[in-house]
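Written below as structure tokens is the structure these notes are about.
Start at 1 with the first residue, then count along the sequence.
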Amino acid sequence: MSRFDPTARDAEELWEGMYSGHGGHVWTGRPNAALVDAVADLTPDVTGTALDLGCGEGGDVLFLAARGWRVTGVDVAGTALERARAHAEEAGVADRTRFERHDLGISFPAGTFGLVTASFLHSYAFLDRAAVLRRAAEAVAPGGSLLVVGHVSRPEQLGPLGGDFPGADVALPDPDELLATLALPAQEWTVARKALLERTTTLEDGSEGVWRDGVLRLDRR
């Protein structure tokens, strides 16, 4: 059964409904493994700041803050941000984190950052992902990095991403397709990491499903 309401009228209603519909936490609180690996060689020495788009309950934000970044986490769901703030307090990194509510199709955090991340920033509706990621690239300071981690394919048992959403046509590009879509100036950007990862998870019905995820890290010259 979908966690999302296909009658939602905007992004806030869609995602707030998903988070508030769960009495506990939706995610594990651990950082995304692909992100941990992709930023292992980075240190917060460009601007000291990082931006996490679609931060959810803050797992990646807390990881980056623990590594010394001053991190801004952004999400459209107020409930997710409340949980993220509480997690930051519990982890002792509240002084290095801040959280802002943005519908990224409408508004975007101000400023530039040494690292901008977007992990699994997918939505069934109300999001032009490619446009948001181009805006994310603009927010990377010279010498900084843009990291995008996203699904390329889902377990066949789950059906297509979009499910019951009227008119949903959600693209899941691989890193090469994403790179072509972003069309960033080659003289300004270096491909630091490009990978396809495969992982097997246990689904809600008890069966095992295979996910393929793409990782693209671009470093700004």
Any donor-acceptor pair under 3.5 Å from Glu177 side chain to Asp174 backbone: yes
Gap between atom CG of Leu104 and atom CG of Asp128 - 0.5 Å precision: 11.5 Å
Whether Arg96 side chain and Ala65 backbone form a donor-acceptor pair below 3.5 Å: yes
Aromatic Phe99 / basic Arg85 pairing, under 6.0 angstrom, 45° off normal: no
Distance, nearest 0.5 Å, that separates CG of Asp52 from CG of Leu115: 8.5 Å
Gap separating the SG atom of Cys55 from the CG atom of Leu64, nearest 0.5 angstrom: 11.0 Å
Criterion side-chain contact (heavy atoms from CB on, under 4.5 Å) on Val140 and Trp189, from CA distance to verdict: CA-CA 11 Å; Val140 177; Trp189 295 88; 3.8 Å; yes
Distance-minimising heavy-atom pair for Ala130 and Thr181: CB-CG2, 3.7 Å
Beyond-backbone contact of Arg129 with Leu133, side-chain heavy atoms, under 4.5 angstrom: yes
Closest contact, heavy atoms only, Pro175 versus Gly214: CG-CA, 3.8 Å
Separation of Lys194 NZ from Leu178 CG (nearest 0.5 Å): 11.0 Å
pair Leu179-Leu216: side-chain heavy atoms closer than 4.5 Å: yes
Leu197 backbone acceptor or donor facing Asp213 side chain under 3.5 Å: no
Side-chain touch Glu188/Arg221, heavy atoms, less than 4.5 angstrom: no
Straight-line distance of Leu81 CG to Glu16 CD, nearest 0.5 Å: 9.0 Å
Side-chain heavy atoms of Thr49 within contact of Val71, under 4.5 Å: no
Nearest non-hydrogen partners of Val152 and Pro173, listed with the distance: CG2-O, 3.6 Å
Val61 with Val149, same ILVMFWY side-chain cluster at under 4.5 Å: yes
Any donor-acceptor pair under 3.5 Å from Gln157 side chain to Glu208 backbone: yes
Phe108 ring center within less than 6.0 Å of His102 ring center: no
Pairwise distance OG1(Thr117) to CG(Leu147) - rounded to 0.5 angstrom: 6.5 Å
Tyr19 and Arg83, any side-chain heavy atoms less than 4.5 Å apart: yes
Flag, side chain of Arg220 to backbone of Thr190, donor-acceptor distance under 3.5 Å: no
Worked check of side chain to side chain donor-acceptor pair (under 3.5 Å) between Ser145 and Asp219: CA-CA 4 Å; Ser145 299; Asp219 293 349; 2.6 Å; yes
Sidechain-backbone polar pair: His87 side chain, Glu57 backbone, donor-acceptor under 3.5 Å: yes
CA sep, side-chain torsions, deciding dist, call: Val210, Arg199, side-chain contact (heavy atoms from CB on, under 4.5 Å): CA-CA 6 Å; Val210 176; Arg199 56 192 171 92; over 6 Å; no
Same apolar cluster (I L V M F W Y, side chains within < 4.5 Å links), Leu121/Phe126: no
Minimum heavy-atom distance Leu203-Pro155, with the two atoms named: CD1-CB, 4.0 Å
Whether Thr112 side chain and Ala141 backbone form a donor-acceptor pair below 3.5 Å: no
Listed partners of Arg98 passing salt bridge (charged side-chain N to carboxylate O under 4.0 Å, His left out), at least two apart: Glu100
Heavy-atom side-chain contact between Arg101 and Val76 under 4.5 Å: yes
Just list the side-chain donor-acceptor pairs under 3.5 Å for residues 31-44, sequence neighbours left out, or say none.
unit_1: Asn32; atom_1: ND2; unit_2: Asp60; atom_2: OD2; d: 2.9
unit_1: Asp37; atom_1: OD2; unit_2: Arg193; atom_2: NH2; d: 2.8
unit_1: Asp41; atom_1: OD1; unit_2: Arg217; atom_2: NH1; d: 2.7
unit_1: Thr43; atom_1: OG1; unit_2: Asp45; atom_2: OD2; d: 3.2

Closest heavy-atom pair and its distance - Ala136, Leu53: CB-CD1, 3.7 Å
Over all atoms of both residues, closest heavy-atom pair of Ser207 and Asp205: OG-OD1, 2.6 Å
Test side chain to side chain donor-acceptor pair (under 3.5 Å) applied to Trp211 and Ser153, step by step: CA-CA 6 Å; Trp211 299 81; Ser153 66; over 6 Å; no
